[in-house]
Each structure stands twice: as C-alpha cells, then as structure tokens.
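We count ligands from 1, going down the list as the structure has it; atoms in each ligand are counted the same way.
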Amino acid sequence: MAIQAPDVTRVVDPDGTVDERTDPDLSASAVTDMYRLQVLARTFDEKAVKLHRQGRIGTYAPLQGQEAAQVGAAYALSESDYCFPTYRDHAMYLTRGLDLEDVLVYLLGEGNYVDREDPDGLRTFPPTIPIATQLPHAVGTSMAADYRGDDCATLVSFGDGATSEGDFHEGMNFAGVFESPTVFFCQNNQWAISVPRERQTASATIAQKADAYGFEGVRVDGNDVLAVYGAVEDALEAAKDGEGPRLIEAVTYRRGAHTTTDDPSKYRDDEEVEEWRKKDPVERTREYLAEIHDWTDEDERQLRSWADDRVADAVEGVEDRTGLDADDIFEHVYARTPDSLERQRRQVVDDPEVER
Ligand SMILES: Cc1ncc(C[n+]2csc(CCOP(=O)(O)OP(=O)(O)O)c2C)c(N)n1
C-alpha cells in the first residue's frame, strides 16, 4: 500500500528557493553557526567511517544526510533545557557543546560522551543502545523539572524504528496525561536497519501518532535546518508555556550504512540514495546563506579548511588513548554493584587470559 504523506513544513526548497512565510528570519551569525556545525559534523562523519575501516575506533553509526535535523533541533535548545540524543546524533552532541575529542573517546570505548556528573552542565544525556528506552527517561526528567518549577523543557531524539517499541508508547502516554514539557523529536530517516518506513507502521505519518495521546504532532522537512529549528523552537516555547508535549517528525534520510558493520546495498537501491542526495541538507543551508547572507566561495573555502583542521586535531588529541580496562564493563550500571557481579569482576581481574 502506498502511503500518502501530507506535506512537510519547509523554508528552503531543494532548488534553493526560500519561502518567506516560514523563514524564521535568523541573524546571519546564527545561520552561519548552524552551517558551520553541519560542515563540522559531516567532516567528522567521513573521518569516523575511515577510522573504523582502519580499526582505530569501534562500531560507528554514520549520520550523513541527517546533519540539518540534528543541528537544527539541538540549536533551538537553551542551556537550561535537557537533551536525550541517540547513538547516531553526534551532531546533536557537538551542537550542545561537546568537544569532538569527547565524541571520539566514546568511540574508542573509553568514557561515555557525557560524564554522569555533567561537570560542564551540558544537560545532555549519554545515548542508550536499547531502542526507545530514552523516551520514558526523558519524560521523567521533564516531569521532575516541571514539579520543581524549573523554566525548561526536554527534547528526546529517536528514529522511526523506535516508534514500534513499547517505550515509545509509554513515554508518549505519560507525557500526554501529565502534560509534561517534552518535545519528542523523531528523525524519520526512512530505514530502521533493513526495515523500510512503510513496513514500520501503517500510519500515513509518524506525526499523526500524537493524536492518540492527546497532543499535537507536526511534520517538518528534516533536511532543512531552518524549518527544523523553527518547529523545535515553537514546540519548546509551547512546552515551557504549560501547553504540554509535542511530537515532531523530521523527514530525512540516512545516506550511509546503519552502522559500519552494515551493508545497505543488500536491502536498498542506489537510485533511492541518489534521489535523497539531491536534497542534501548541508548544500541547502549553503544555498540559503549565499542567497540571503552573501556567503562567498572564499567563506566556504575557509570553513572547510577549519573543519578539516578541527577533525585532524581531535584525532591527534586522542591518538594515544588506550581504551578501557576489561573490568570497567562493571561500572556505571548499579550505584552499588551486586555481589554476583563483584564475583565476576574479580574473575576478570584475576584471569591472565583477559587482555588488559
Ligand atoms: C530494544 C532493541 N531492539 C533491537 C535493537 C537492535 N537495533 C539497533 S538499531 C535498530 C534500528 C533502529 O532504527 P531507528 O529507530 O529508525 O533509528 P536509526 O538507527 O535509523 O537512526 C535496531 C532494531 C536494539 N538496539 N534495541
């Protein structure tokens, strides 16, 4: 069955035409900043795939194609808001102020993006690997902030595949009933590993799922950084004004593999990838900047060279890190490690076969 999806909100067309009605009319420096973050994220992403191929980092989830969705959403957050990214949201972490080195350290298997004490006050949580488990956590966080009377909202990011999990429905239901200040941000990148969007749900859109929980769902062009920014900013403002949660479906595309251990040519064809390449989010922001803010080729050259240098420096900065000790696997799960796990930890420490 072909799914008829209603139109999405958009500011810049793939051909570069700007819609003045939806343009949030941001300053040149704000749009340039969002463009800078997208270019940095893409440069980093290309490098990370190579580092994995060279055996220098662990499994990596590429973000190419989703730069605008991730940067636009995180850019709309204020410092006091909470953010729950996914394992693919490296650009969201960068936009929240995490250093490239910290992202790399996580991919080396050492550290976890954000220290649990959050010394830098990023209010940004580590990614969870079990799909959708971050949704109830995020709703709980926003309810707690609401009870305390804090002026903040929580954004939780997830993919289209997460909408089939019980945790998605539990989180959405709680948020609706308790009118929590939560923004559910779904990056519908058309695939959940090899499961296409039309096999994920029979609903015409993901946004419409919000109806069932008593709040609003909106669709936005996820390859349009300004449209994403506008939709998330609106939702955050409404949440902070006591209007409760909102679901945003950012329609986008995962251009790379699911992770560096996946081969997408087994389940999708090149034409589809090519169609989405024409809607490239990074190029689209550049067109906007050129059209509205006189972005020049020289500006572009300087930005690209800055991004290359930043990524090279970050890789060099973590080069001599050795990774975790084998028994560190027992950390960070329980406040007090149960006796059974303590015994296993001692076995690992005493085992001469375990590489340390
Ligand atoms: C509870 C759970 N079930 C299955 C998996 C295996 N798994 C890892 S990623 C993934 C697909 C997720 O797709 P989506 O939510 O659309 O996010 P995307 O990876 O496309 O960003 C699955 C099924 C998992 N990590 N957790």
Side-chain angles (χ1 to χ4, degrees), residues 3 5 38 41-42 44-45 48-49 52 58-74 83-95 103 106-107 109 112-113 125-139 155-172 183-203 205-210 217 219-220 222-223 228 247-268 272-273 276 279 281 333:
I3 292 171
Q38 287 182 78
R42 177 156 303 176
F44 171 76
D45 189 69
V49 172
H52 176 267
T59 304
Y60 174 74
L63 61 80
Q64 191 173 120
Q66 297 178 228
E67 293 88 348
Q70 297 183 13
V71 170
C83 183
F84 286 73
T86 74
Y87 49 79
R88 198 180 301 289
D89 287 332
H90 319 292
M92 217 175 238
Y93 282 106
L94 295 179
T95 307
V103 177
Y106 171 78
L107 297 168
N112 199 354
Y113 277 82
F125 285 71
T128 52
I129 301 304
I131 301 300
T133 49
Q134 71 274 28
L135 274 78
H137 300 167
V139 175
L155 179 131
V156 56
S157 172
F158 52 95
D160 39 298
T163 64
S164 297
E165 293 286 350
D167 279 341
F168 167 80
H169 300 280
E170 289 159 24
M172 294 274 287
V183 177
F184 294 92
F185 184 69
C186 178
Q187 288 174 68
N188 169 8
N189 67 7
Q190 314 303 327
W191 291 92
I193 316 186
S194 55
V195 177
R197 155 66 185 87
E198 61 274 17
R199 299 288 293 169
Q200 196 62 246
T201 174
S203 306
T205 74
I206 285 171
Q208 76 186 54
K209 290 179 185 289
R219 291 189 102 212
V220 65
N223 285 14
V228 173
L247 170 63
I248 297 171
E249 174 187 0
V251 181
T252 181
Y253 193 73
R254 159 170 66 77
R255 288 204 339 224
H258 169 70
T259 67
T260 41
T261 56
D262 167 51
D263 175 4
S265 70
K266 298 281 183 231
Y267 53 82
R268 66 183 190 189
E272 179 184 301
V273 182
W276 280 91
K279 303 177 201 165
V333 177

Of all heavy-atom pairs between [X] and [Y], which one has the smallest distance, and what is that distance?
X: A132; Y: E165; result: CB-CB, 3.6 Å
X: H90; Y: A61; result: NE2-O, 2.9 Å
X: Y87; Y: H258; result: OH-CE1, 3.9 Å

Could you list the atoms of ligand 1 found under 4.0 angstrom from a heavy atom of [X]?
X: N189; answer: 18 (P), 20 (O), 21 (O)
X: I129; answer: 24 (C), 25 (N), 26 (N)
X: W191; answer: 16 (O), 20 (O)

Among G166, A132, S157, G161, whose heavy atom sits nearest atom 14 (P) of ligand 1?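 Result: the heavy atom closest to atom 14 (P) of ligand 1 is in G161.
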With respect to atom 2 (C) of ligand 1, which of I131, D160, L63, D262 exhibits the smallest heavy-atom separation?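 Of the listed residues, I131 has the closest heavy atom.
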Check whether any side-chain N or O of [X] sits under 3.5 Å from a backbone N or O of [Y] as a donor-acceptor pair, and report yes or no.
X: T133; Y: D167; answer: no
X: E67; Y: Q38; answer: no
X: D45; Y: L63; answer: yes

Ligand 1 versus Q187, non-hydrogen atoms closer than 4.0 Å: side chain, backbone, both, neither?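 For Q187, there is no contact with ligand 1 at all, from either part.
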Does T128 form a side-chain contact (heavy atoms from CB on, under 4.5 Å) with F84? I'd like the steps, not just the answer. CA-CA 9 Å; T128 52; F84 286 73; over 6 Å; no
Protein heavy-atom partner closest to [atom] - residue, atom, separation in Å:
atom: atom 12 (C) of ligand 1; answer: Y87 OH, 3.5 Å
atom: atom 23 (C) of ligand 1; answer: I193 CD1, 4.2 Å
atom: atom 15 (O) of ligand 1; answer: A162 N, 3.1 Å

Let me see the working for I206 and R197 under side-chain contact (heavy atoms from CB on, under 4.5 Å), right down to the final yes or no. CA-CA 10 Å; I206 285 171; R197 155 66 185 87; 4.3 Å; yes
Does [X] come within less than 4.0 Å of ligand 1, judged by its heavy atoms?
X: F158; answer: no
X: E165; answer: yes
X: H258; answer: yes

Can you check atom 6 (C) of ligand 1: any protein non-hydrogen atom closer than 4.0 Å?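 No, there is none.
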Would you sort out whether Q187 and R88 count as a side-chain contact (heavy atoms from CB on, under 4.5 Å), showing the intermediate values? CA-CA 10 Å; Q187 288 174 68; R88 198 180 301 289; 6.0 Å; no
Backbone or side-chain N or O of [X] under 3.5 Å from ligand 1 N or O:
X: R88; value: yes
X: A192; value: no
X: P130; value: no

Should we say atom CZ of R268 is surrounded by more than 12 heavy atoms from elsewhere, each under 6.0 Å from it?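 Yes - once you tally the heavy atoms of other residues, nucleotides and ligands closer than 6.0 Å, there are more than 12.
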